[in-house]
Each structure stands twice: as structure tokens, then as C-alpha cells.
Amino acid sequence: MKTDLKTNIKFFQVSSRYYRPENEIELASLTRYEKVPTVVVENADLGAREAALDVAGIINQCVEAKGRCVIALGSGRYALRVYDELVKLYFADKLSFADVVAFNLSELGVGYDNGRLNIDDLINERLYSKVDIERANIHFITRPDAVEDIHSHCKAYERDIIDAGGLDLVLCDLTPDGSLAYNEPGSARNSACRLMLLGNDSRIRISETFQSQTAPKTAVTLGIGNILSADKIICVAWEEESAEALFNTIEGKMTDLVPASFLQVHDDVKIYTDLDAASRLTRISYPWKVTSCEWNDHLIRRAIVWLCEQTGKPILKLTNKDYNDYGLSELVALYGSAYNVNIKIFNDLQHTITGWPGGKPNADDTYRPEREKPYPKRVLIFSPNPDDAVVSMGGTVRRLVQQGHEVSIAFQTDGDLAVSDDDLMRSVLLADRLTRHFEGSGFSFIEDTLSKLINGTSTSSDTDAMRYFKGSIMLSEAMMACRQMGVHKKDLYDLRMPFYTCDPHGQGKLTDADVAVIQELIARVKPHQIFLDNDLVDPHGTHVRATTAVMHALDNLKDEDFMSDCRVWMYRGQWGQWDVDHVEMAVPMSPEEFGDKRDAILKFHSQIHDAPFRSNADNKLPWQRSIERNRDLAERYQQLGLATYEAIEAFVQYRFRPDYTE
């Protein structure tokens, strides 16, 4: 399978001089808002490689200076990429671990009996077992059987670090909630090695890293004070999910709500990150504040949207003085007046709005997001879980159906992991009642499952039968929701992608078999429009894998004749929303249409009140946040001086052909 095609999603081209300046003077100007030295690279693979080279250099320097190097290593999935690169350096004879003394930053649980969830084993598998480190030089936190013993274990571990000469280097992740190791938000700057109660976000990350459906509620971790005591710190963060935490760490105020922000006080720390994670940094997102810009249409739109936010004015009320006061006089000089810039961006944004997401027949489509012909279009919508298409773009689906297009929806997984035991029990009780009434004794599966659920003896991992039953619940709800929007059952596809179905935790490795399922369906339907999910900050990994499979299928099919007449649109909703300046198609909804969308969402009985995945910030379910985002986007358009709508669903085009032209 090719390199991850998610790196092909570029909303606009970031000039390399914003993150790879030619000299120190330019670097100082670009990073004036940054309080932690940060290296920004194009993608995570390159970032991991550069971080590994830095680590190797520090190890070699320490060994040469004093005969050994004492390091502490994190276990997050960002750091694991760096370990892979360190192994490559070892096999290339550019690095030796013979004189390295290693301490793990953390360990999971106290008295937790799942032996698979062991950080020592994880790092050993990815690094220690592949290099020449002495096992006697590897130190890990032993898990006591009782909480009462944890304090003495922690103090002993800290003494071991002191006896080794103190930490020369810490290599760790900067997590999406701003943690370092398992120092959760609220951790003090001088915190020591201790037991931590893990939040939901941390437990989700642990489940994905170890491919386990369950995760411990506690971890033992070196504290922020221990980490800051190291001579050098290297921290890594990749992908869009890290953007907010990275910004708060590098440019925000120091606060225990973002423990990583305490890195600002360290004398020798460096953060390695990619463009996606760095997207909120001033030099990447608002370069006009720190340097002269290489202006393009997207950057101009972004600047004007930002200027409206700063002034509280709609676009057409911005003045020359506003541009001058906020450092955008370059644009006035380029266009001659504020009015010329204003009208350009106003028209650009106005042209993103359409009530015809499939294109309006017999209409001039010069300034419309979608083309007039062909009509009607064959539309294929990919939904990672059965509820995603409805929750994220239900209003658009309804419009496409009403406007005569041939709409099909492909459920890439059955979403069984999002169905709670309570919902399963409710359905099993119903099935049991019906079976006993019509069939007498009932099915053994129903009897066995009902007994386990009632007595609380169900295992941590669902049986295949239980997963199938839960998935059937979710799929049946999706069929009812799609029926509400006018999509016929014959146009719904249950793809049961192998990465999800064949793994007990729905987090299997994406393979060619997954891509083949998608590719076969696209080739059969020969769509004129494809909609795919772009909620790539999904903490559970389902959306990322499902979308990546579609991208690989598109890459394989891009030279087929029918694909030359196909446009691909990306939607968000469950886990995020497009920024206004990224939006290329905005589909508005009236109050009645928005009500219809909510009614369709409410068909998902298993998700509307009690589902496993909630936001830590406000305890809301993803679908609740999604409809709020629809309203927020409409309000944002209104604030910019555009038409007022009840809600808006937004889309960005995925240009899967390198030679694509409008």
C-alpha cells in the first residue's frame, strides 16, 4: 500500500519560508510569538526522522563526554514513530545504545490484570529488543499490587534516576489534551512521580495504542518536575488533532490546564511537529503578523476573515484604516483600496453558498461550487460509521434526493463498538420476548447473552455474536434515518470493511483488502460525486482508516475514464468543522430542513442519550456537537455580512488527481 495519502490533503500551500526560513534573522521574526523552540516539517515521517537524528546526536555527545547517556522515554504513538527511526539509525551504524541507560516515563494501572497493556513491553517491542541496549540498563516502573504501596515505588524509581546521574534527555509526546507522559490537565509544575487517575481522552489513546477495547483507569508517571529536571527535552506532536494543544504549549500562557506549557521554563527543549499540527501557530496560520507574505487567494481570504474577527465588522464595512491598524496594509497596496479587497473576498465567500449541492440544471455554473451537468448525478456517500453521513451531512443528503439525484450511501463499518451494553440488552429483551412468543424456547444466543448482561458477567471483549447484534442495531437505525431523508434501502451498502470487522476492537491494520472493497463499489456505481468523511481527528481511529481506504481506492482508479467526470467532496461534523476560509461549498438549511435533519439523527436511538464516546470538555455526544457546529457556521457567515440561515453544512473538495484543473 502506498504512503499515507492523507498528506495529499492540503487546503492551501504553505510557503516553506514560514517554517524553513533562510537565516536566523528571519527565524527570529517568524517565531516572535513562540516561547518554545519548534521545528516544523512537512509531514510526520520527516519530523520523526529529524527528531531521531537529534536524539542520536545527544546520545553520542553524552557518551563521548561522560561515558553514558541517561534517557527517559514516553510511550505515546507519536514517540513510537521516532523509535522506528532510531532503530534505522542503529542498523545503519550511526547510533549505539550500548552505553544508554533508559527509564520509562510511565506505566499503566495498579493491580491491573491485563498483561498486554504494559508500557515496558511496548517500548521493548518497538525499540529495546531491536538495538544493543543492555537489559540491565532498562528501568521501568513496577506495578504494586496495592495502591498503598505506590508512594514507596515512586520514590524508589526517582532514586534510581538520581543514582544513574540524572536525566540527560527526555523524549516524549505532546498529547492532544496538552499532557506530558500521563500528567493530566491540572498537574502542577513541580509534580513528582505519582499515581494519576486517567481521563477519557487518555484511555481512548491507550486503547488505540494497544488495540484493546478496555484501558486502565490509572497510570504511574514521572511528574512534570521530573521531566523538567532533565538536561534536554525533545517533544513530538503530529497531525491535526494536536493543533490546539501545540498552540497552547508554544504560544499560550503557562497553566496547569495545559501541563506541556511548563516546557516554556526549560532552557534546552525542542518540539518537532508537522504542518498539520502546527496549523494554528502564528507563522503558519497568520503569517502577516510576523513577516511579509506571499499572497494567494486562500491566504487573502484567511486574512480578511481574521480581520473581521478582530474588528467585529462584516467584510464590506472594513476600511483602509482597519487594514493598516492590523498589519494588512500590504493588501491595500496590492489592490488599491480596502473596497477592492472586500468585494473580492465577499464574492468568493458568496459563491461558496449553494442550495444545489449536486449542481443546478439549466443554470450558469461559472461561479457555483458544483457543475450543472451531468444531471441527474450518481452520488456515492461514504460513512465510516452508519451515523456519520446523517449527522455530518444529513441536510445535504436530503437536498440531493429531493433534487432528483441518484444517492447511495455506503456504511464502511457497522459501528457496533458505539452501541452500549444497555442498548444491546434492550434489544435482546425485545428479541427474547418475541422469540419466546413465536418460537417457544428461544435461541441459545439470546438466552446466553441475556444471562450475562443481567448478571453483569459479560467479558470485556464482546463475542462475535454480540458484535453482530450490536452492529445490526446500528445499521437498522441507519436505515430508518436514511429512509427519513428519502434514500431507499436498495441504495444502502453494508461494506463490513475487514480492518474493523476482523479485529475484536475495530482497530485492525488497514490492508489492500479494505481498499478493494471500496474500489469495487466505486467502479460499480461510477459516481459523478463522491462524499467522504474528513474527521481525521477522530480519537478512535475508525474515521482515519475508513477515509484512508477511500483515498487509496481513488488513487488506484484515478486514470479510469469514468473518474474524469467525478468530483470528490470532504465533510466534517462528528469531531470537527471546516474553518470558514477553507470552505468551498456551503449548503444552507432552513429551520424546517434543520428540523428534518435532527429528526433523522434521532432515529439513532442507541446514540442519542447514551453512547460510549463523549467529549471530555462538555460531556456532549458527537452528534450534539455536530448540529451545534452547523448553527455556528451559519452564524459565522452572517457575521461576515452574508445571508442569514438556520444552519450550514460545509464541504472542501479533495483533488485526487495531480493534474486536476477546475
Side-chain angles (χ1 to χ4, degrees), residues 1 5-6 378-394 397 400 406-419 462 464 467-483 485 487-527 529-536 538 540-557 560 562-563 566 568-571 573-574 603-604 606-607 654 656:
M1 191 177 289
L5 292 172
K6 296 194 302 296
R378 291 186 297 275
V379 181
L380 179 57
I381 301 167
F382 287 100
S383 184
N385 290 302
D387 61 334
D388 289 312
V390 177
V391 172
S392 300
M393 56 171 293
V397 172
L400 289 166
E406 302 170 18
V407 179
S408 301
I409 300 178
F411 306 127
Q412 295 174 264
T413 73
D414 62 12
D416 65 279
L417 298 178
V419 178
D462 291 342
D464 289 343
R467 284 195 64 187
Y468 182 81
F469 204 127
K470 285 185 175 182
S472 298
I473 292 171
M474 189 79 148
L475 285 169
S476 64
E477 292 170 344
M479 291 175 187
M480 293 301 294
C482 291
R483 182 173 178 269
M485 296 183 297
V487 182
H488 299 293
K489 185 175 180 294
K490 66 179 179 62
D491 296 318
L492 303 177
Y493 297 92
D494 176 15
L495 299 187
R496 299 182 61 79
M497 291 180 65
F499 86 83
Y500 186 93
T501 305
C502 298
D503 184 272
H505 314 294
Q507 297 175 334
K509 183 179 180 181
L510 198 68
T511 67
D512 290 336
D514 296 288
V515 177
V517 172
I518 304 295
Q519 191 168 321
E520 188 278 330
L521 180 60
I522 294 174
R524 190 188 339 154
V525 175
K526 294 181 172 55
Q529 270 188 322
I530 291 175
F531 289 86
L532 61 88
D533 176 87
N534 185 264
D535 269 323
L536 303 185
D538 160 36
H540 321 295
T542 303
H543 291 234
V544 175
R545 292 173 175 86
T547 295
T548 301
V550 178
M551 291 177 178
H552 280 286
L554 291 171
D555 186 63
N556 293 341
L557 293 168
E560 297 292 326
F562 72 89
M563 291 301 291
C566 180
V568 180
W569 295 95
M570 301 182 292
Y571 63 85
Q574 291 270 40
K603 300 296 183 184
F604 290 94
S606 66
Q607 306 299 300
Y654 176 58
F656 61 95

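Residue indices begin at 1 and follow the sequence shown. If you're wondering where the values come from, they're calculated on a predicted model, not measured in any experiment.
- Under the rule for a side-chain contact (heavy atoms from CB on, under 4.5 Å), the partners of M563 that lie at least two apart in sequence or sit in another chain are I522, L554, L557, E560, C566, F656.
- K526 meets the side-chain contact (heavy atoms from CB on, under 4.5 Å) test with R378, F562; sequence neighbours excluded.
- To the nearest 0.5 Å, the span separating CE on M485 from CE on M393 amounts to 8.5 Å.
- With sequence neighbours left out, T542 forms a side-chain hydrogen bond (donor to acceptor under 3.5 Å, both in side chains) with no residue at all.
- With no hydrogens or angles considered, a side-chain donor-acceptor pair links S606 and E477 at under 3.5 Å.
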As a quick check of understanding, evaluate side chain to side chain contact (heavy atoms under 4.5 Å, CB included) for F382 and T547, giving each step before the final call.
CA-CA 8 Å; F382 287 100; T547 295; over 6 Å; no
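- Annotation: side-chain contact (heavy atoms from CB on, under 4.5 Å) contacts of R496 (sequence neighbours excluded): D414, Y468, D494, T501.
- Each of V407, L380, L400, V568 was scored for a side-chain contact (heavy atoms from CB on, under 4.5 Å) with Q529, with one residue passing: L400.
- Considering all non-hydrogen atoms of both residues, V487 and D491 come closest at CG1-CB, 4.2 Å.
- Contact check for S472 versus L475: no side-chain heavy atoms found under the 4.5 Å cut-off.
- The main-chain N or O of D514 is never found under 3.5 Å from a side-chain atom of R545 such that the two would form a donor-acceptor pair.
- Listed by chain and number, the residues in a side-chain hydrogen bond (donor to acceptor under 3.5 Å, both in side chains) with R467 are D416 (sequence neighbours excluded).
- Rounded to the nearest 0.5 angstrom, H552 NE2 and T511 OG1 are separated by 11.0 Å.
- Dense packing is recorded around CZ of R524, with more than 12 heavy atoms of other residues, nucleotides or ligands lying under 6.0 Å away.
- For the atom pair T548 OG1 and I518 CD1, the distance stands at 11.0 Å (nearest 0.5 Å).
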Evaluate the criterion side chain to side chain contact (heavy atoms under 4.5 Å, CB included) for residue pair M570 and F531; output intermediate values, then yes/no.
CA-CA 6 Å; M570 301 182 292; F531 289 86; over 6 Å; no
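- Judged as a salt bridge (charged side-chain N to carboxylate O under 4.0 Å, His left out), and not counting sequence neighbours, E406 has no contacts.
- Using a 4.5 Å heavy-atom cutoff, the side chains of Y654 and N534 are not in contact.
- Smallest separation of non-hydrogen atoms from P384 and Q412: N-OE1, 3.4 Å.
- Counting only distance, with no hydrogens or angles, the side chain of D503 and the backbone of Y500 share no donor-acceptor pair below 3.5 Å.
- In this structure, the side chains of V517 and P498 come closer than 4.5 Å at one or more pairs of heavy atoms.
- Here S392 pairs with D535, Y571, Q574 under the side-chain contact (heavy atoms from CB on, under 4.5 Å) rule; sequence neighbours left out.
- Taking both residues in full, the closest heavy atoms of F604 and A481 are given as CE1-CB, 3.5 Å, listed atom of the first, atom of the second, then distance.
- Side-chain N or O atoms of S476 include one that pairs as donor or acceptor with a backbone N or O of I473 at under 3.5 Å.
- Between the S383 side chain and the F411 main chain, no donor and acceptor come within less than 3.5 Å of each other.
- With sequence neighbours excluded, no residue forms a salt bridge (charged side-chain N to carboxylate O under 4.0 Å, His left out) with D533.
- The heavy-atom pair separating V390 from C482 by the smallest distance is CG2-SG, 4.5 Å.
- Here SG of C502 is found 14.5 Å from NZ of K509. Values are rounded to the nearest 0.5 Å.
- In this structure, CZ on F499 lies 6.0 Å from OG1 on T413, to the nearest 0.5 angstrom.
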